[in-house]
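Written below as structure tokens is the structure these notes are about.
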Amino acid sequence: MKTDRSDILACLRNSEDYVSGQQLCDRLGVSRTAVWKVINQLKEEGYQIESVSRKGYRLVESPGDVYSRSEILSRLHTKWAGQNLHFFEETGSTNPDAKRFAEEGEPHGTTVVAERQTAGRGRRGRSWESPAGKSVYFTIVVRPKFAPDKASMITLVTALAVAEAIQEVTGLQAGIKWPNDIVVNGKKVVGILTELSMTPEMNEIQFMVAGVGVNVNHESAEEFPEEIRETATSLKIESGRHISRAELLERILTRFEEVYEEFERTLSLSGLKARYESRLAGKDSGVRVLDPAGEYTGISRGITETGELIVERENGETVLVYAGEVSVRGLYGYV
Ligand code: ATP
């Protein structure tokens, strides 16, 4: 599904030396003119490509933060995650787009990426602030072969993949606020919304989508709307450096593929629980469970192999908290 553009970019990126025009033609099965056209397009977009006669082409430098379908695909070495990639400059929200593509039969791993969302969504009809140029918004489609009662674990699987990728790229300690928020230094950098579509007979999962919004290059808290200024942050604010969104997305998709396959192997979180718990914000300390049936406090003790949060209440009783209707907070703040 890759275009010539991303293939050419990938060849240049993966080679330390010059790649001749002929090599590019042979490898990709396209004409010399086609190669030449793509090289020119890439140069216009700001890629610095050196052309030397009899040697060929060499990628000297990629422009600052190119975030495009070709740039992402040229970096991606996954088997299925993100290989069928749609990139929109603007869309309402990537979750409904991904659902539409899934309805139309597009494969497991299909991914929709947007530069900007005009109607980004969170859980329970909440909204997700989605300005252009600074964030990563994407939704990945999966076609699970497991029963619907396992579906809620995909939220935790996604959170783990994203947290690990963030830490790999930025070096920041990325925590997970159960079940699905990613926090850095006590503030939220990622929101995740997973949704499920059942077959018409309502007995099997037709597909699931996992939507992810990451605050990446916001310079300061003032860029967030007033209501979330205290609780939201970005990777740049916390790390002090500009982060390449294409690199981050590539890492997230790669991690997602690995973590998802590990989950599929056992259809439980048994192989991932330790990794998840090592990032669990508030583990072994006080939490407040905002349950619509009544709020309560307790000590968070980790998660079960099926993804529930284990909370020890003051009366000594241990309760399992099911994701869905509840939010969890620290005793004295957001985390
Ligand atoms: P919480 O425990 O934070 O209430 P939630 O899982 O119920 O989490 P989500 O659906 O993940 O919430 O996200 C929606 C909420 O996130 C919004 O109500 C808002 O408070 C906050 N929010 C919206 N946009 C952003 C953003 N770009 N960065 C950080 N937080 C945001």
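All of these numbers come straight from a predicted model, not from anything done at the bench. Order of listing sets the numbers, starting from 1, for every ligand and every atom in it.
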Do the ring planes of Phe101 and Phe88 sit parallel (below 30°), tilted (30 to 60°) or perpendicular (above 60°)?
parallel
One residue to check: Glu129. Relative to ligand 1, which of side chain, backbone, both or neither has a non-hydrogen atom less than 4.0 Å away?
both
Would Ser197 and Gln206 count as having a side-chain donor-acceptor pair, cut-off 3.5 Å?
yes
I'd like to know if Arg329 contacts ligand 1, where contact means a heavy-atom distance under 4.0 Å to any ligand atom.
yes
Sequence neighbours excluded, the answer for side-chain contact (heavy atoms from CB on, under 4.5 Å) partners of Asn40 is Trp36, Lys43
Side chains of Ser68 and Ser70: any donor to acceptor distance under 3.5 Å?
no
Closest candidate by heavy atom, reference atom 18 (O) of ligand 1, pool Lys177, Arg126, Glu223, Glu227
Arg126
Ring centres of Tyr57 and Tyr47 under 6.0 Å apart?
no
Please tell me if the side chains of Lys187 and Tyr334 come closer than 4.5 Å, counting only heavy atoms from C-beta onward.
no
Protein residue, atom and distance nearest to atom 10 (O) of ligand 1, heavy-atom basis:
Arg123 N, 2.3 Å
Using a 4.0 Å heavy-atom cut-off, say whether Thr231 meets ligand 1 through its side chain, its backbone, both or neither.
neither
Mark up the atoms of ligand 1 that fall under 4.0 Å of a heavy atom belonging to Asn215, in ascending order.
26 (C), 27 (N), 28 (N), 29 (C)
Looking only at heavy atoms of Arg121, does any of them come nearer than 4.0 Å to an atom of ligand 1?
no
Ligand 1 atoms in contact with Tyr334 (distance to a heavy atom under 4.0 Å)
1 (P), 3 (O)
For Ser127, is the nearest heavy atom under 4.0 Å from an atom of ligand 1?
yes
Relative to ligand 1, is Leu193 under 4.0 angstrom through side chain, backbone, both or neither, heavy atoms considered?
neither
A side-chain contact here means heavy atoms from C-beta on lying under 4.5 Å apart; do Glu262 and Val157 qualify?
no
I need the nearest protein heavy-atom contact for atom 19 (C) of ligand 1: residue, atom name and distance, please.
Ile228 CG2, 3.7 Å
Do Arg229 and Phe224 meet the cation-pi criteria used here (NZ or CZ under 6.0 Å from the six-membered ring centre, within 45° of the axis)?
no
Considering the heavy atoms of Gly122, write down every atom of ligand 1 situated less than 4.0 Å from one of them.
10 (O)
Could you find the nearest protein heavy atom to atom 13 (O) of ligand 1 and give me its residue, atom name and distance?
Lys188 NZ, 3.2 Å
